[in-house]
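This report concerns only the one structure given below.
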Amino acid sequence: MKTVLIAGGAGFLGSHLCEAILREGNRVICVDSFLTGARANVVPWRANDRFKLIEKDICMPIEIGERIDEIYNLACAASPPRYRADPVHTMMSSVLGTHNLLRLAERKGATFLQASTSEVYGDPQEHPQNEDYCGSVNCTGPRACYDEGKRAAEALCFDFLRLNRANVRVARIFNTYGPRMQPDDGRIVSTFICQALSGAQITVHGSGEQTRSFCYVSDLVHGLILLMRKPQNPGQPINLGNPGEFTVKELIDLLAQQIGTRPEVMQLPMTEDDPQRRRPDIHRAQAILGWEPRVPLEEGLRRTISWFQLTTRRHGGRRPAKRPATEPLIC
C-alpha cells in the first residue's frame, strides 16, 4: 500500500486522481485550501480510513509526520477568472507552493509529479506543440501570473532533479473536461454546457475559428499515474492531452447535437493573450508511457452533460455556484 499526497485533491482533476488512487487500494492524503476546490468533491471518501484531508495552503510550509511515497502537485487555480482574481497568490502557488512540496518530497524520498500546463507554450507559433518548443508567452500580460508561474515551477522541478534532490516528473496538461467541473470556472466546456442547458446565449470570444483539444478526465488521470509510476525517470516534460483538434464552432455544433437544441451565439471581442490554436503533440507520451487518450469527444461530452443535468436537478433547477459569476473566458 502506497501513501500518496495529492495537493489540490479537492479540485476537478485532483478529486478524480484521489478516486483513482483509492481505487487501487492505496492511502491518500488530500491537501487543499478550498480556494477553488470543492468540499463536495471529497465528501464520498471522508469515512474511508485510507483517506485523510488536510486543509492547508501550499504557500505555507508543509510537515507530514508519516511516510509518503508519491506527491502529485495539482494545487493551483487553473481557469482564467480564478487565477486572475488573485494573480499574486497564483504566482506564489506555482513558485513558493511548488518549492514547499519539492522540499517535502526531498525529506520523504517521495516521487514528485508536477502538473504543468499547455499554457507554458503561450499563443504558439508552432503547431502542434511538442515539448521542445519554448513557447511564445507574454511575460507581463494578464495571464502571466499563471503562464510564467508554471514555467518557473518547471524550472524548479528540473533543478531539483538535476541536483538529485528529488525524483521529479513533469506533465504538461492540455484542456481537460468532465464531471465535477465548476459551472463558473470560465472553462470553455463547462461554460458552454451550462449556458446551453439554461437556454442562455453561448458567449464566444472572437471568431469561433480558434481551436482547442479536449481530453476526457479519466484519460488524463491515467496518464498522470503512468508518468508517476514509470520506473525510469523520463527527465523531460511530457504532454498529456487529446490531439484531436476542434474549432470553437465545432464544439458548439457537437453540444447542440447532444442537447437537442441549437443555442444562440453571442460574439464578444477576443480576450487578451488568448491562444488561437492549441493541439498537443503526444508522440513522447506514446513512446515513453504507452499512453494515448481513448474517450472520443462525443462520448466525453455526453457524460459531462449528464453530470451537469443531474447536478442541476439536485439543486432544484439552479446551477450551484461557489462564488459570483464571472465573465466566461475561452481557455
Side-chain angles (χ1 to χ4, degrees), residues 13 72-74 76 78 94 98 112-139 141 143-144 146-162 167-177 187-189 209-248 250-251 273-297 300 330-331:
L13 286 180
Y72 291 84
N73 181 20
L74 284 74
C76 183
S94 290
T98 299
F112 183 94
L113 188 145
Q114 171 70 8
S116 190
T117 173
S118 62
E119 296 305 314
V120 301
Y121 300 122
D123 188 3
Q125 297 176 7
E126 291 190 14
H127 191 79
Q129 295 82 57
N130 67 53
E131 294 89 346
D132 293 329
Y133 175 52
C134 293
S136 177
V137 175
N138 180 356
C139 62
R143 301 170 71 109
Y146 184 71
D147 301 359
E148 294 290 14
K150 288 290 191 177
R151 286 161 68 96
E154 285 196 17
L156 270 173
C157 287
F158 285 108
D159 283 337
F160 265 72
L161 179 62
R162 278 187 288 267
N167 182 3
V168 179
R169 292 100 192 280
V170 174
R172 289 179 178 166
I173 298 173
F174 283 67
N175 291 62
T176 305
Y177 70 101
R187 290 184 173 96
I188 184 172
V189 172
E209 296 298 332
Q210 59 267 54
T211 67
R212 295 294 184 268
S213 62
F214 302 103
C215 185
Y216 190 67
V217 63
S218 61
D219 285 332
L220 191 283
V221 166
H222 183 224
L224 292 176
I225 293 173
L226 286 175
L227 178 55
M228 172 65 85
R229 305 278 169 78
K230 180 71 177 176
Q232 183 177 2
N233 193 314
Q236 53 193 343
I238 292 184
N239 287 340
L240 294 179
N242 194 316
E245 185 178 10
F246 297 86
T247 67
V248 171
E250 288 172 334
L251 175 63
D273 295 334
D274 193 40
Q276 293 303 293
R277 301 190 73 184
R278 183 70 86 219
R279 179 189 175 194
D281 181 329
I282 64 168
H283 285 96
R284 187 176 291 178
Q286 290 171 320
I288 294 177
L289 306 179
W291 176 88
E292 60 184 17
R294 297 180 178 180
V295 180
L297 181 57
I330 290 174
C331 55

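Looking only at side-chain heavy atoms (C-beta outward), Glu292 and Ile282 come within less than 4.5 Å of each other. Between Ile238 and Val170 there is no side-chain heavy-atom pair separated by less than 4.5 Å. Taking 4.5 Å as the limit, some side-chain heavy atom of Ser218 sits within range of a side-chain heavy atom of Val295. Using a 4.5 Å cut-off on side-chain heavy atoms (C-beta onward), Pro280 and Ser213 make contact. A heavy-atom distance below 4.5 Å is not found between the side chains of Asn242 and Phe214.
Here Tyr216 pairs with Tyr177 under the ring-ring contact (aromatic ring centres under 6.0 Å, His included) rule; sequence neighbours left out. When the salt bridge (Lys or Arg N to Asp or Glu O under 4.0 Å) test is applied to Glu245, the partners found at least two apart in sequence or on another chain are Arg277. Residues passing the side chain to side chain contact (heavy atoms under 4.5 Å, CB included) test with Ser136 are Gln125, Tyr133, sequence neighbours excluded. Under the side chain to side chain contact (heavy atoms under 4.5 Å, CB included) criterion, Asn233 pairs with Leu161, Asn167, Arg169, not counting sequence neighbours. Listed by chain and residue number, Arg284 satisfy the side chain to side chain donor-acceptor pair (under 3.5 Å) test with Gln236 (two or more places apart in sequence, or in another chain). Listed by chain and residue number, Phe12, Leu13, Ile173, Cys215, Val217, Leu220 satisfy the side chain to side chain contact (heavy atoms under 4.5 Å, CB included) test with Thr176 (two or more places apart in sequence, or in another chain). Applying the ring-ring contact (aromatic ring centres under 6.0 Å, His included) test to Tyr146 and every residue at least two apart in sequence or in another chain returns Tyr83. Arg294 is linked by a salt bridge (Lys or Arg N to Asp or Glu O under 4.0 Å) to nothing, counting only residues two or more places apart in sequence or in another chain. By the side chain to side chain donor-acceptor pair (under 3.5 Å) test, Asn239 is found to be paired with Tyr121, residues two or more places apart in sequence or in another chain being considered. Every side chain to side chain contact (heavy atoms under 4.5 Å, CB included) that Ile225 has, sequence neighbours left out, goes to Leu17, Ala20, Ile21, Glu24, Tyr72, Val221, Arg229.
Atom CD of Gln114 is separated from atom CZ of Phe158 by 9.5 Å, given to the nearest 0.5 angstrom. For the atom pair CG (Leu227) and NZ (Lys230), the distance works out to 10.0 Å, reported to the nearest 0.5 Å. For the atom pair CZ (Arg212) and CG (Asn175), the distance works out to 6.5 Å, reported to the nearest 0.5 Å. Separation of atoms CG (Asp147) and OG (Ser94) is listed at 9.5 Å; rounding is to 0.5 Å.
Sorted pairs that involve residues 214-227 and meet salt bridge (Lys or Arg N to Asp or Glu O under 4.0 Å), not counting sequence neighbours, are lacking altogether.
Using a 4.0 Å cut-off between a side-chain N of Lys or Arg and a carboxylate O of Asp or Glu, Arg278 and Glu119 qualify as a salt bridge.
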Please report the C-alpha distance between Thr211 and Phe246 in whole Å, then the side-chain angles of each, then the deciding distance to 0.1 Å, and finally whether the side-chain contact (heavy atoms from CB on, under 4.5 Å) criterion is met.
-> CA-CA 5 Å; Thr211 67; Phe246 297 86; over 6 Å; no
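When all heavy atoms are compared, the tightest approach of Pro128 to Asp281 is CB-N, 4.2 Å. When all heavy atoms of Gly241 and Phe174 are compared, the closest pair comes out as CA-CB, 4.0 Å.
Within 6.0 Å of NE2 in His222 there are 12 or fewer heavy atoms belonging to other residues, nucleotides or ligands.
Between the side chains of Gln210 and Gln276, not a single donor N or O lies within less than 3.5 Å of an accepting N or O. Judged purely by distance below 3.5 Å, without hydrogens or angles, the side chains of Thr98 and Asn73 pair a donor atom with an acceptor atom.
For Gln286 (side chain) and Trp291 (main-chain N/O), no donor-acceptor pair under 3.5 Å exists by modelled atom type.
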Can you give each donor-acceptor pair under 3.5 Å made by side-chain atoms of residues 148-155, sequence neighbours left out, with the distance rounded to 0.1 Å?
residue : atom : partner : partner atom : Å
Glu148  : OE1  : Arg151  : NE           : 3.3
Lys150  : NZ   : Ala115  : O            : 2.7
Arg151  : NH1  : Val120  : O            : 2.6
Arg151  : NH1  : Cys134  : O            : 3.0
Glu154  : OE1  : Arg172  : NE           : 3.4
Glu154  : OE1  : Arg172  : NH2          : 2.8
Glu154  : OE2  : Ser116  : OG           : 2.6
Glu154  : OE2  : Arg172  : NE           : 2.9

